[in-house]
*Asks:* 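Got a structure here, written out as structure tokens. Questions coming.
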2 protein chains.
Amino acid sequence: MGNFFLKNKLIILYGASLAAILILLKWLEFKYVIIDHSFEVYIGAIALIFTGLGIWLALKLVKPKTETIIIEREVYLSKPAEGFIPDEKALLKFGISKREWEVLALMSEGLSNQEIASHLFLSLNTIKTHSSNLFEKLEVKRRTQAVEKGKRLGLLA
Amino acid sequence: MGNFFLKNKLIILYGASLAAILILLKWLEFKYVIIDHSFEVYIGAIALIFTGLGIWLALKLVKPKTETIIIEREVYLSKPAEGFIPDEKALLKFGISKREWEVLALMSEGLSNQEIASHLFLSLNTIKTHSSNLFEKLEVKRRTQAVEKGKRLGLLA
DNA sequence: TCGGGTCTCATACTTTCGGGTGATTTTTAT
DNA sequence: ATAAAAATCACCCGAAAGTATGAGACCCGA
């Protein structure tokens with residue numbers, strides 16, 4: 001499976017590097033190093049090289065540990081904005097999915113379910129499902145209420 | 001300055017370790033290793049040891065994972081206006097009567113025709129008539145469109 | 001007083017919405 | 001890999017919305 005290589009590519013890469021460097025050293029061994037330098041210097045060079053390799057490897061492996069999330073938001077809505085960005089926090093709070101939000105947005109334009117279906121190249125039934133789930137999540141009963149609440153919560157422009 | 005030693009203690013520790021291991025290897029060199037194993041295995045062992053050392057060093061030196069800071073502040077106030085004044089000109093332009101505007105306003109709150117009827121102490125049929133006339137005047141087909149257009153025209157808050 | 005506009009209500013009919021359920025596929029995350 | 005979530009679609013049914021038409025009551029200006 002290609003999956004294996006993807007997940008272990010660093011390990012494999014390391015193995016390959018190790019082998020390559022060893023081969024290189026073996027080749028150099030009889031040409032220059034042993035002749036020109038002492039054995040200790042040779043060992044020291046290898047130690048430094050592989051220490052560097054170890055550091056590089058560690059940095060690669062440890063990278064995904066960092067995670068910074070800074071959300072600071074104070075919204076006094078009621079006003080438009082050109083490039084409108086829905087309130088992510090509200091979306092998460094109500095568990096509204098991307099598709100559901102799209103449906104809500106089109107609802108607020110005054111489109112019927114059939115029209116929304118056509119716009120999104122989906123079936124009418126799918127739109128019904130999405131809107132139903134949406135109403136459930138927004139705790140409303142009708143599309144007009146959903147639009148009204150959506151605007152109040154900053155989900156819509 | 002003791003500060004220097006504090007800040008570089010890891011580096012110094014590494015140097016000391018390096019020296020110590022080299023000395024150890026030098027000592028072992030003539031005792032067992034060279035005798036019992038091939039040169040390549042010896043080099044490989046050193047490579048592995050110092051790779052491990054490099055990894056350990058990197059893990060120690062690299063700054064601890066970034067703190068996760070989550071500041072959330074939710075203030076979704078939307079108090080548009082108490083005494084909202086609809087655009088008179090627009091009302092005249094579209095020939096919208098008082099009752100029709102009232103119905104439109106309640107529509108925008110998400111109320112059903114039946115609920116609007118109850119609020120205004122009218123029959124459901126009357127609301128239907130008003131809303132039908134309203135849609136005609138606003139040139140829309142659905143209540144959601146009426147609300148959308150109403151807001152755009154300044155008929156609603 | 002007469003016509004026009006608004007407001008009211010009704011009946012009959014069609015269309016759209018929304019709820020409920022279940023199934024399949026795709027995506028995502030673990 | 002596999003479990004969970006999201007997305008897709010279908011069918012049924014009842015409720016709500018919307019259309020069409022007609023009609024009586026009221027007010028106001030011509």
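A, B, ... follow the sequence lines: proteins, then strands. Residue 1 opens every chain. Hydrogens, waters and symmetry mates play no part in the numbers below; they use all other heavy atoms, side chains included.
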*Asks:* When the distance from CZ of A/R143 to P of C/dT15 is rounded to whole Å, what number comes out?
*Replies:* 18 Å
*Asks:* Specify the separation, in whole Å, of atom CD1 of A/I116 and atom C1' of D/dA7.
*Replies:* 16 Å
*Asks:* About how many Å separate NZ of B/K149 and CG of B/L134, when rounded to the nearest 0.5 Å?
*Replies:* 11.0 Å
*Asks:* Measure CZ/B/F135 against P/C/dT16 and give the value in whole Å, please.
*Replies:*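 Value for this atom pair: 14 Å.
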*Asks:* Rounded to the nearest 0.5 Å, how far does OG of B/S131 lie from CD1 of B/I116?
*Replies:*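 Output value for this atom pair is 7.5 Å.
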*Asks:* Do B/T126 and B/S123 have side-chain N/O donor and acceptor atoms under 3.5 Å apart?
*Replies:*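 A pair is found: one side chain offers a donor N or O, the other an acceptor, under 3.5 Å apart.
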*Asks:* Name all residues meeting the side-chain contact (heavy atoms from CB on, under 4.5 Å) criterion together with B/S112; count only those two or more places apart in sequence or in a different chain, and write none if there are none.
*Replies:* A/R142, B/Q114, B/E115
*Asks:* Could you state the CD-C1' distance from B/E136 to D/dT21, rounded to the nearest angstrom?
*Replies:*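 The distance from CD of B/E136 to C1' of D/dT21 comes to 14 Å, rounded to the nearest Å.
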*Asks:* For B/L155, does its backbone N or O pair with a side-chain atom of B/W101 as donor and acceptor, under 3.5 Å?
*Replies:* yes
*Asks:* Between A/Q145 and A/K141, is there a donor-acceptor pair closer than 3.5 Å when you use the side chain of the first and the backbone of the second?
*Replies:* yes
*Asks:* If I take atom CD in residue A/Q145 and atom P in nucleotide D/dA17, what distance separates them, rounded to the nearest angstrom?
*Replies:* 10 Å
*Asks:* How many Å lie between CD on B/Q114 and P on D/dA15, as a whole number?
*Replies:*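 Rounded to whole Å, this separation is 13 Å.
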*Asks:* Below 3.5 Å between N/O atoms, which protein atoms pair up with nucleotides 4-11 of chain C? Just atom names and distances, please.
*Replies:*
from: C/dC7; atom 1: OP1; to: B/R99; atom 2: N; distance (Å): 3.4
from: C/dC7; atom 1: OP2; to: B/S97; atom 2: OG; distance (Å): 2.3
from: C/dT8; atom 1: OP1; to: B/R99; atom 2: NE; distance (Å): 3.0
from: C/dT8; atom 1: OP1; to: B/R99; atom 2: NH2; distance (Å): 2.8
from: C/dT8; atom 1: OP2; to: B/R99; atom 2: NE; distance (Å): 2.9
from: C/dT8; atom 1: OP2; to: B/H130; atom 2: NE2; distance (Å): 3.0
from: C/dC9; atom 1: OP2; to: B/S123; atom 2: N; distance (Å): 3.0
from: C/dC9; atom 1: OP2; to: B/T126; atom 2: OG1; distance (Å): 3.0
from: C/dC9; atom 1: O5'; to: B/T126; atom 2: OG1; distance (Å): 3.4
from: C/dC9; atom 1: N4; to: B/T129; atom 2: OG1; distance (Å): 3.2

*Asks:* Taking CG from A/N113 and P from D/dG18, how many angstroms apart are they, rounded to a whole number?
*Replies:* 13 Å
